[in-house]
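Following: one structure in structure tokens, then a few remarks.
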Amino acid sequence: MNKKQAYKQLLEFAKQTAGNSYSPYSKFAVGAAVLCENNKVFCGTNVENASYGLSMCAERVAVFTAVANGCKKIKAIAIYSEKGNVTPCGACRQVLSEFSKTADVVYNTGKNSFKTVKISSLLPKSFSGKTLKK
Ligand code: THU
């Protein structure tokens, strides 16, 4: 399977997971699927709360699920929304940068089209854990 096919499949996982979104407040369902270095895939969806600030994005749910399952190296993340053109928010960009500076961020631009961009170009000069080391 080539990269384009793999990313199309990853977006399909993200789309399926968007179907599980809990977003009664925004009514904006998002699904994400993380492809790890060992080729395992972990999914996430946005989970909102009546206390709005407690809501969590699909991307972070997917990344945290990957880590909870032993995968800390991310090759790519796919993001699906019905409208398309959803790229990760600033907080999710920082979280993704923790686990890869080179990961591809794949997002649908319509029903059957997608684009790919590097996380490093979405968040150049991300804050790095290296800065904390003495
Ligand atoms: N949301 C995501 O899950 N990912 C994004 O990249 C953008 C926004 C969610 C948060 C909230 O539940 C809803 O979409 C509207 O902002």
Side-chain angles (χ1 to χ4, degrees):
M1 197 190 290
N2 64 34
K3 220 176 212 187
K4 198 174 173 190
Q5 289 168 325
Y7 287 175
K8 203 171 169 223
Q9 196 184 69
L10 199 63
L11 260 176
E12 202 46 50
F13 281 119
K15 183 178 180 178
Q16 273 177 34
T17 311
N20 295 329
S21 170
Y22 179 73
S23 44
Y25 307 105
S26 72
K27 302 196 187 327
F28 192 76
V30 183
V34 165
L35 177 64
C36 299
E37 205 64 50
N38 59 6
N39 289 326
K40 284 188 179 176
V41 173
F42 296 97
C43 297
T45 189
N46 54 328
V47 181
E48 298 184 345
N49 193 276
S51 176
Y52 291 1
L54 300 182
S55 301
M56 182 54 66
C57 294
E59 294 92 324
R60 269 175 286 165
V61 173
V63 170
F64 295 161
T65 302
V67 173
N69 282 278
C71 299
K72 295 184 182 72
K73 284 185 179 162
I74 291 174
K75 279 207 287 200
I77 182 167
I79 301 148
Y80 179 89
S81 72
E82 200 68 35
K83 257 191 155 180
N85 291 300
V86 168
T87 55
C89 76
C92 290
R93 290 176 194 202
Q94 177 66 30
V95 167
L96 280 160
S97 300
E98 181 78 20
F99 300 104
S100 172
K101 304 285 185 218
T102 56
D104 282 326
V105 176
V106 182
Y107 57 99
N108 71 306
T109 50
K111 281 258 174 284
N112 245 313
S113 51
F114 66 86
K115 279 185 180 163
T116 302
V117 63
K118 290 270 176 213
I119 183 63
S120 55
S121 75
L122 289 180
L123 188 65
K125 297 183 186 294
S126 65
F127 182 65
S128 161
K130 282 181 196 154
T131 314
L132 299 171
K133 293 199 177 118
K134 286 183 186 161

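What's counted below: heavy atoms across the whole structure, side chains too, no hydrogens, waters or symmetry copies. All ligand and atom numbering here is 1-based and tracks the order in the structure.
Using a 4.0 Å cut-off to heavy atoms of T87, the atoms of ligand 1 that qualify are 6 (O). Below 4.0 Å from some heavy atom of V86 lie the following atoms of ligand 1, by number and element: 5 (C), 6 (O). Here is the list of ligand 1 atoms found below 4.0 Å of a heavy atom in S26: 13 (C), 15 (C). Shown in contact with N46 at under 4.0 Å from a heavy atom are these atoms of ligand 1, numbered in order with element: 3 (O), 9 (C), 11 (C), 12 (O), 13 (C), 14 (O). Heavy-atom proximity to E48, at under 4.0 Å, picks out these atoms of ligand 1: 11 (C), 12 (O), 13 (C).
Checked by atom type, the side-chain pair T87/K115 shows no donor-acceptor distance below 3.5 Å. For the residue pair N38 and K73, no side-chain donor N or O sits within less than 3.5 Å of a side-chain acceptor on the partner.
Closer than 4.0 Å to atom 6 (O) of ligand 1 lies at least one heavy atom of the protein.
Heavy atoms of I79 come nearer than 4.0 angstrom to ligand 1 in no pair at all. Contact analysis puts P88 in contact with ligand 1, with a non-hydrogen atom separation below 4.0 angstrom.
For the pair S55 (side chain) and N49 (backbone), a donor-acceptor distance under 3.5 Å is present. In this structure, the side chain of N46 engages the main chain of F28 through a donor-acceptor pair within 3.5 Å. Put simply, the side chain of N108 gets close to the backbone of S81: a donor and an acceptor are under 3.5 Å apart.
Residue-environment remark: CD (E82) stays at or below the threshold of 12 foreign heavy atoms within 6.0 Å.
Here the OG-NZ distance, from S120 to K101, works out to 9.5 Å after rounding to the nearest 0.5 Å.
Of the protein's non-hydrogen atoms, A58 N, 2.9 Å is the one closest to atom 3 (O) of ligand 1. Protein heavy atom closest to atom 8 (C) of ligand 1, with residue, atom name and distance, is C57 SG, 4.3 Å.
The distance criterion of under 3.5 Å between nitrogen or oxygen atoms is met by E59 with respect to ligand 1. Checking only distances, S55 never comes within under 3.5 Å of ligand 1, N or O to N or O.
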Worked verdict on V105 versus E59 for side-chain contact (heavy atoms from CB on, under 4.5 Å): CA-CA 10 Å; V105 176; E59 294 92 324; over 6 Å; no
